[in-house]
> 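Starting off with a structure, shown below.
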Amino acid sequence: MADSVADRLLAWYDQHGRKNLPWHEDRTPYRVWVSEIMLQQTQVTTVIPYYEAFMARFPDVKSLAEAPVDDVLQHWSGLGYYARARNLQKAAKAVMADHGGEFPKDQEQLEALTGIGRSTAAAILAQAHGIRASILDGNVKRVLARYHAVHGWPGQTAVLRALWEHAEQHTPHERVRDYTQAIMDLGAMVCTRRKPDCEHCPLADDCEARAQGLTAALPESKPKKAKPEKETWLLMIEDDAGNLLMERRPPSGIWGGLWSLPELDTAITLDELPEVAERELGIACDDAQPLSVFRHTFSHYHLHIHPVRLRHAGTAAEMDNSDLAWQPREDAPTLGIPSPIRKLLTQPEQTTLL
DNA sequence: CACGCGTGGGA
DNA sequence: TTCCCAAGCGT
């Protein structure tokens, strides 16, 4: 009989595993936690520079808890899934208020923190404390779905239950920290979604998917729907000094909590625009000019964006509305701004024409 | 439970 | 150009 899955993964990890990622040094619960949240649905190479900057600005839970939310969102700007950033700070405040500034070493209490689910809680326990806990991220799901030839899409309850069961069965009692990293690394480096490198896989000998010729077919993926087309109108209101009017988006929905251009979700004529802007925003403007329409693709839909330029005569006064702010067009470094909007502001001529 | 939530890179 | 995906979680 071959060595256990854990033994083979650990031996492979010693030879080939990733050990020099930024969050591998000084594995405090805080540093592990921030890395795990950033890495949710986000690739390692994307995360690295964000992680470095975030840690420099917010070196510990206390600094994160006490920071202005716009400061946190600014450091998340471009990473996507912005609820993660808001939840991160909410959890940091809870750690300060309810746990004396120390992360609980308990799965249940970790999961009670906003944004920490079963897998992230386990990762913190295993990586920061070496406590035996099982993770099940996309990499592990793929490895286990193939090794055990689990059919069905991982969103299905029965499939998820089976995968969690396998994950817990394989988790060793020793070297949990390395094992957790090892099985993720195998999924990321060998047992990849496309073109898996089975020749160099330590689990190939008794991999069920390999034996049955199902490697490419597993894990199965959810049947997808066509992306709907949506439309929106964005107001680029500029004053005489070249400042643009920005508006904070509502906390839920796309780009929640970030700063963007004032938005209208219904078409209106250019003639009506100044009146609507005055009524909705309290800003007097004129000279409405349509710019080139462009299309931005999100995960679940396409968005046709109609930018309209408006002029605000005079220089902007202080706003009494905290969800509106005048910002220089070139750089708005203290605010979290979504990438497509940032692009529109800084290089409007380079946006794709329709 | 199904869906909403972003972005940049690769095929 | 277009599609798909990558260290999930909240609702």
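Residue numbers begin at 1 in each chain, while the letters A, B, ... track the order of the sequences.
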> Would you say A/Ser221 reaches C/dC4's phosphate, i.e. side-chain N/O to OP1/OP2 under 4.0 Å?
no
> Consider the side chain of A/His300, meaning its heavy atoms from C-beta on, and name the nucleotide among B/dC5, B/dG8, C/dA6 that approaches it most closely.
B/dC5
> Quickly work out the A/Ile135 CD1 to C/dA6 C1' distance and round it to whole Å.
14 Å
> Ignoring hydrogens and angles, are the base of B/dT7 and the side chain of A/Ser299 linked by a donor-acceptor pair under 3.5 Å?
yes
> Figure out the OH/P separation between A/Tyr50 and B/dG6, and round it to whole Å.
13 Å
> Which sits closer to the 5' end of DNA chain C, A/Arg142 or A/Gly115, going by the nucleotide each is nearest to?
A/Arg142
> Under 4.0 Å between a side-chain N/O of A/Lys195 and OP1 or OP2 of B/dG10, yes or no?
no
> Flag the pair A/Tyr82 / A/Val72 as yes when at least one side-chain heavy-atom distance between them is below 4.5 Å, and no otherwise.
no
> Any idea which of B/dC5, B/dT7, C/dA6 is nearest the A/Gln43 side chain?
C/dA6
> Within this structure, what is the NE2-to-P distance between A/His302 and C/dT2, rounded to whole angstrom?
8 Å
> Pick base, sugar-phosphate or nothing for A/Gly155, based on heavy-atom distances below 4.0 Å to the nucleic acid.
nothing
> Let me know, please, whether A/Arg194 or A/Gln40 comes out on the 5' side of the other along DNA chain B by nearest nucleotide.
A/Gln40
> Between B/dT7 atom P and A/Lys343 atom NZ, what is the distance in whole Å?
9 Å
> Measure OH/A/Tyr82 against P/C/dG8 and give the value in whole Å, please.
17 Å
> With side-chain hydrogen bond (donor to acceptor under 3.5 Å, both in side chains) as the test, pick out the partner of A/His304 among A/Lys230, A/Glu231, A/Glu229.
A/Glu229
> Starting at the 5' end of DNA chain C, which residue's closest nucleotide do you reach first, A/Lys141 or A/Lys227?
A/Lys227
> Measure the distance from CD1 on A/Ile37 to P on B/dT7 and round it to the nearest whole Å.
18 Å
> Looking just at side-chain N and O atoms, do A/Gln127 and A/Arg177 make a donor-acceptor pair shorter than 3.5 Å?
no
> Which nucleotide sits closest to the side chain of A/Ile254: B/dG6, C/dG8, C/dG10?
B/dG6
> Whether A/Tyr81 contacts C/dG10 is assessed here as follows: a side-chain N or O lying under 4.0 Å from the phosphate OP1 or OP2. Is that the case?
no
> Heavy atoms only, 4.0 Å cut-off, all strands: where does A/Thr114 land among base, sugar-phosphate and nothing?
sugar-phosphate
> OP1 or OP2 of B/dG8 versus the side-chain N and O atoms of A/Thr42: is any pair under 4.0 Å?
no
> Using a cut-off of strictly less than 4.0 Å, decide whether A/Trp76 has a side-chain nitrogen or oxygen near OP1 or OP2 of B/dT7.
no
> Would you indicate what A/Leu136 reaches in the nucleic acid, counting non-hydrogen atoms under 4.0 angstrom: base, sugar-phosphate, or nothing?
nothing
> Using the P atom in both, what is the distance from C/dC9 to B/dG8, to the nearest Å?
23 Å
> Can you tell me how far C1' of B/dC5 sits from CG of A/Leu258, to the nearest Å?
12 Å
> The side chain of A/Gln41 lies closest to which of these nucleotides: C/dC9, B/dT7, B/dG6?
B/dG6
> Given atom CZ of A/Arg342 and atom P of B/dG8, what is their separation to the nearest angstrom?
11 Å
> Working to the nearest 0.5 Å, report the span between CD of A/Gln327 and CG of A/Leu345.
10.0 Å
> Side-chain donor or acceptor of A/Ser119 under 3.5 Å from a matching atom on the base of C/dG8?
no
> Between C/dC9, B/dC3, B/dT7, which one does the side chain of A/Lys222 approach most closely?
B/dC3
> May I ask you to say what A/Thr120 touches in the nucleic acid, namely base, sugar-phosphate or nothing, with a heavy-atom cut-off under 4.0 Å?
sugar-phosphate
> If we ignore angles and hydrogens, is there a donor and acceptor under 3.5 Å between the side chains of A/Thr120 and A/Gln40?
yes
> Examine the side chains of A/Thr171 and A/Glu168 and answer whether a donor and an acceptor come within less than 3.5 Å of each other.
no
> Any side-chain N or O of A/Arg84 below 4.0 angstrom from OP1/OP2 of C/dG10?
no
> Students often get this wrong, so: under 4.0 angstrom with heavy atoms, is A/Gly253 touching a base, only sugar-phosphate, or nothing?
sugar-phosphate
> Of the nucleotides C/dT2, C/dA6, B/dC3, which has the atom closest to the A/Lys225 side chain?
B/dC3
> Would you kindly check if the NZ (Lys) or CZ (Arg) of A/Arg249 is within the cone defined by 45 degrees around the ring axis of A/Trp259 and under 6.0 Å from the six-membered ring centre?
no
